[in-house]
2 protein chains.
Amino acid sequence: MATIRDVSKLAGCSVATVSRVINRKGYVHKNTEEAIKSAMKALNYSPDRIARSLAGKGSLTVGLVIPDILNPFFPQLARAIEDVASDNGYNVILCNTSNDPAKERKCLDVLISKRVDGILLASSTILPEQILELQRSAIPVVLIDHQFPEIPILSIVARNREGGAIAVRHLLEEGCRKIGHIRGPLHVAASLDRCLGYEDECGSEPWFIPSLIAQGDFHSEGGFRAMQELISRHPDIDGVFAGNDQMAIGALHALYKLGIEVPQQVKLIGFDGIASNRTVPQLSTVSQPIYTMGSQAMEYLLRLIAGETLPQQVHEFEVQLVIKETTKAEGRMAVQ
Amino acid sequence: MATIRDVSKLAGCSVATVSRVINRKGYVHKNTEEAIKSAMKALNYSPDRIARSLAGKGSLTVGLVIPDILNPFFPQLARAIEDVASDNGYNVILCNTSNDPAKERKCLDVLISKRVDGILLASSTILPEQILELQRSAIPVVLIDHQFPEIPILSIVARNREGGAIAVRHLLEEGCRKIGHIRGPLHVAASLDRCLGYEDECGSEPWFIPSLIAQGDFHSEGGFRAMQELISRHPDIDGVFAGNDQMAIGALHALYKLGIEVPQQVKLIGFDGIASNRTVPQLSTVSQPIYTMGSQAMEYLLRLIAGETLPQQVHEFEVQLVIKETTKAEGRMAVQ
DNA sequence: ATGAAAGCGCTAACAA
DNA sequence: TTGTTAGCGCTTTCAT
């Protein structure tokens with residue numbers, strides 16, 4: 001690998017001048033610039049980013065910490081982030097924590113010691129203290145899909161509570177008269193908010209009882225089990241709002257196994273908008289603008305890295321009701 | 001951030017000694033070691049990985065280049081790779097090329113200039129020359145889901161051709177007498193091999209004609225369109241092998257829209273094993289051991305990085321027929 | 001068993 | 001406009 005010194009020799013100038021043309025900074029004569037450029041070309045030179053980072057420039061790398069890469073929500077987010085990052089010359093180090101706080105902690109330490117220029121934190125098990133510690137080490141952070149009201153930090157989230165309410169309202173409008181909810185993990189903010197949205201809509205209905213809420217885990221397996229529970233507790237249930245699409249898929253599967261027709265006997269709606277074309281019958285859902293959220297998060301992070309001071313507050317994104325087949329009133333459509 | 005110098009001062013020794021205990025290398029007295037360790041603790045010291053890399057040690061980072069993070073196959077692969085990597089103290093830089101050769105090329109350049117210790121290449125649009133160039137720069141590479149017979153390089157693939165044949169044979173055994181195939185992108189090796197497997201089994205059947213092969217794109221939308229084409233060209237088709245599960249889901253959806261019953265009128269099978277519970281009826285498929293393939297790839301890469309010389313050849317993984325509902329001869333099972 | 005010092009490749013004053 | 005040089009934080013001979 002050619003170094004900046006090789007280039008300077010070939011171009012007959014000093015390394016400083018070469019550095020100047022690399023960074024387009026400071027004055028440099030047209031002719032020498034040409035000479036340097038062709039020397040770089042001749043040597044197939046490409047600056048060593050490690051050395052550059054060590055010398056004080058950023059690493060042009062950001063860390064992305066996510067809890068579960070198997071949940072399609074996160075690859076979609078990662079896609080957006082990677083797009084914006086690479087458009088701006090940045091790379092993304094991916095850290096999947098598998099919801100393991102120890103791994104998460106280690107992740108953050110490593111990212112810092114790798115001098116990433118910023119961190120995108122989409123992990124749901126993160127603790128407030130860790131955020132504070134990150135902020136102390138002066139590294140820009142943007143939170144995604146999570147928020148800490150008590151800490152001033154830039155966060156990107158969807159209107160989860162409103163989304164939950166929208167989902168349930170849709171079920172009510174489609175004629176459901178006893179609606180269950182499969183909620184996500186207890187400690188996850190998004191899952192709580194969606195559950196609150198559910199309660200907003202039907203907490204005061206005469207038929208409502210707390211046992212209509214079953215505990216899931218944001219995975220399809222949890223959705224499967226929760227659906228079975230729900231049916232055994234309330235065989236007369238006719239609508240279910242699952243806290244995310246993965247669980248909705250599990251629930252759909254459980255209903256099918258139980259011989260219950262969707263949407264004829266039970267209508268089902270999820271949350272996220274990741275499964276639209278991935279299931280048959282197609283899943284109704286409340287979708288988040290995942291790509292927009294991801295790219296916005298990365299753009300904020302870039303601005304923080306550039307030294308801007310942004311308001312450290314929550315940026316909420318609108319959600320959208322997507323009506324597909326699992327909530328259609330008329331049931332499975334007529335053939336042709 | 002504390003540096004090695006700070007630690008050495010506090011511990012009353014030289015930086016060299018500190019370096020020795022960091023790297024567990026060379027002799028160092030029990031007492032000084034203790035002193036150094038407590039100094040590190042007191043200063044909350046963590047060695048700067050950038051400096052470490054510059055000084056000649058590896059970067060403890062590998063690059064993962066994938067074509068399409070939205071296809072669940074790749075997150076599953078990434079999951080395995082990230083697990084093995086982080087178990088070994090490595091980080092993964094994720095590069096999504098979106099099947100864009102220019103981006104792919106840039107990716108590789110950047111990875112090299114970031115001094116990654118190795119690269120996992122799962123991109124399907126990669127060209128032989130690029131591999132050769134990588135090898136020239138002496139950076140370890142393992143290919144995934146792709147192979148170049150003409151170049152000596154370690155590759156991880158599933159038995160795609162055999163898998164394709166297994167899928168078709170299963171359809172034949174279930175009584176299909178006219179089987180179509182929805183193939184993946186033209187330039188992708190895996191998609192070609194699966195197609196060849198299809199032809200191995202039914203290329204010589206009396207009913208076979210090339211128009212039974214429709215062109216897809218590995219996405220569900222492509223599967224949807226291809227299935228429509230197939231039906232309009234051959235209304236009497238009674239079995240379909242889709243080149244991956246994504247397309248199979250699209251195909252199932254198309255069949256459903258056309259009012260064609262699966263599996264009664266048409267049996268359908270996919271490839272990959274990523275869609276287990278996502279469809280009603282559940283999708284039969286030929287599954288690849290994705291997690292194993294990913295972790296094996298990373299393990300090979302680690303060994304290459306460690307300096308081992310491994311046989312530069314193709315490591316093929318067995319695939320497995322997973323019979324679910326879309327190919328059941330008796331059709332949809334009775335309720336309960 | 002430990003230390004001094006020379007890099008690794010680049011950037012950024014400071015001079016010239 | 002260009003060059004000299006001192007770091008950035010760590011590893012690693014080579015002495016001691």
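Every chain is numbered from 1 and lettered A, B, ... according to where its sequence line falls, protein lines coming before strand lines.
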Flag side-chain contact, heavy atom, 4.5 Å: [X] against [Y]:
| X | Y | value |
| --- | --- | --- |
| I126(B) | V65(B) | no |
| I139(A) | L111(A) | no |
| I112(B) | M1(A) | yes |
| V92(A) | L120(A) | no |
| V62(A) | I305(A) | yes |

Heavy-atom contact window of chain B on DNA chain C, given 5' to 3' at under 4.0 Å: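 The contacted stretch runs from dA1(C) to dG9(C).
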
Set of residues satisfying side chain to side chain contact (heavy atoms under 4.5 Å, CB included) with respect to V21(B), sequence neighbours excluded: V28(B), I36(B), M40(B)

Mind checking side chain to side chain contact (heavy atoms under 4.5 Å, CB included) for L70(A) and listing every partner two or more places apart, or none if nothing turns up? D68(A), Q76(B), R79(B)

Return the set of residues passing ring pair (Phe, Tyr, Trp, His ring centres under 6.0 Å) with F148(B) (not counting sequence neighbours), or none when no residue passes. H146(B)

Under 4.0 Å, heavy atom to any atom of DNA chain C: which of residues 30-61 of chain B qualify? T32(B), L54(B), A55(B)

Using a heavy-atom distance cut-off of less than 4.0 Å, which residues of residues 110-118 of chain A contact DNA chain C?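 When residues 110-118 of chain A is checked for heavy atoms under 4.0 Å from DNA chain C, there are no hits whatsoever.
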
Sequence neighbours left out, what pairs pass salt bridge (charged side-chain N to carboxylate O under 4.0 Å, His left out) with at least one residue falling in residues 107-116 of chain B? D48(A)-R115(B)

Do the charged groups of E34(A) and K30(A) touch, with an N to O distance under 4.0 Å?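 So E34(A) does not pair with K30(A) through a salt bridge.
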
Ion pair present between E133(A) and R105(A), side-chain N to carboxylate O less than 4.0 angstrom?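 Answer for the salt bridge query: yes.
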
Does anything in residues 306-316 of chain B pair up under side chain to side chain donor-acceptor pair (under 3.5 Å), and if so which pairs, sequence neighbours excluded? R159(B)-E316(B), Y300(B)-H315(B), R303(B)-E308(B)

On DNA chain D, which is the earliest and which the latest nucleotide, 5' to 3', with an atom closer than 4.0 Å to a heavy atom of chain B? dG9(D) to dT12(D)

Sequence neighbours excluded - ring pair (Phe, Tyr, Trp, His ring centres under 6.0 Å) pairs with any residue from residues 99-143 of chain B: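 Applying ring pair (Phe, Tyr, Trp, His ring centres under 6.0 Å) to every pair that reaches into residues 99-143 of chain B, excluding sequence neighbours, yields nothing.
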
Determine to 10° how strongly the helix from dA1(C)-dT16(D) to dA16(C)-dT1(D) is bent, judged from the axes of its five-pair ends. 40°

By side-chain hydrogen bond (donor to acceptor under 3.5 Å, both in side chains) - contacts of S155(B) (at least two apart):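 S155(B) satisfies side-chain hydrogen bond (donor to acceptor under 3.5 Å, both in side chains) with no residue once adjacent residues are dropped.
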
